[in-house]
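Please read all numbers here as calculations on a predicted model, not as lab measurements.
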Amino acid sequence: MIFNQKFESRAEINDLLGGDIVKGIVPAEKSGTILLFTNENEIYTDYFYPKGTYDYCMYTGIGRYGNQDSLNNNMYYLNIAVMTHKRDCKPLLLFEKRKAAYYFLGEYELTETHQNLQPDHNNTMRRVFVFHLKKVRSEFSG
């Protein structure tokens, strides 16, 4: 069971749940979940509301270059995994990176998706997904 847990590294999370130690959206086959990681150092900071809570979150899709909705984008399938998580019965587990550690924030579900125009790492405008997430529980046991 994961509840209000602090992890020292992505490798520690990977050992427990499976997945990848680099990407921000990670299908974790070992646990049958999709892991989402926020990172304060990324160009788009995801945000939580109401301010000071973790009840709701706006989470920007994965892919630093090009349109996130393009089939030519090699991260496209990861964004689609978030959009189809309910259909596929895969819980979304959200982790927040703070300094050198990762904190489990809870299990979330997608309530809405919209697209936005934002510059990529090359400062080229592109389409991104913005996922609206709602917390459904603070713990996960899988």
A cation-pi test, strictly: NZ or CZ of Arg126 under 6.0 Å from the centre of the six-membered ring of Tyr65 and no more than 45 degrees from its axis. Yes or no?
no
For the pair His85 (side chain) and Leu110 (backbone), establish whether a donor and an acceptor sit closer than 3.5 Å, ignoring hydrogens and angles.
yes
Verdict with reasoning, Tyr54 to Glu96, per side chain to side chain donor-acceptor pair (under 3.5 Å)
CA-CA 11 Å; Tyr54 291 100; Glu96 181 178 45; 2.9 Å; yes
Is the side chain of Ser70 donor-acceptor paired with the backbone N or O of Asn72 at a distance under 3.5 Å, no angle test?
yes
Look at the side chain of Ser9 and the backbone N and O of Glu12, then say whether any donor-acceptor pair between them is shorter than 3.5 Å.
yes
Going through the checks in order, is the salt bridge (charged side-chain N to carboxylate O under 4.0 Å, His left out) test met by Lys134 and Glu109?
CA-CA 5 Å; Lys134 176 184 176 186; Glu109 70 179 12; 5.2 Å; no
Short side-chain to backbone donor-acceptor contact, Asp88 and Lys90, under 3.5 Å
no
Between the side chain of Asn122 and the main-chain N/O of Thr124, is any donor-acceptor distance below 3.5 Å?
no
Using side-chain heavy atoms (C-beta onward) and a distance below 4.5 Å, is His114 in contact with His132?
yes
Is the Phe37 to Phe95 ring centre distance short of 6.0 Å?
yes
Would you say Tyr108 and Tyr59 make side-chain contact, with heavy atoms under 4.5 Å?
no
Decide yes or no for Asp20 and Asn14: does some side-chain heavy atom of the first lie under 4.5 Å from some side-chain heavy atom of the second?
no
Do Gln115 and Asp69 have side chains that get closer than 4.5 Å, going by heavy atoms?
yes
Minimum heavy-atom distance between Asn79 and Ile62, given as atom pair plus value
OD1-N, 2.9 Å
Which heavy atom in Gly18 sits nearest to a heavy atom in Ala28, and how many Å separate them?
O-CB, 3.6 Å
Taking every non-hydrogen atom, the tightest pair across Pro91 and Glu107:
CB-OE2, 3.5 Å
Please examine the side chains of Arg64 and Asp120, heavy atoms only from C-beta on, and report whether any two atoms are closer than 4.5 Å.
no
Can you confirm whether Thr111 sits close enough to Tyr56 that some side-chain heavy atom of one is under 4.5 Å from a side-chain heavy atom of the other?
no
May I ask you to test the Ile13-Val26 pair for a side-chain heavy-atom distance under 4.5 Å?
no
Does Arg10 use its side chain to pair, donor to acceptor, with the backbone of Lys23 at less than 3.5 Å?
yes
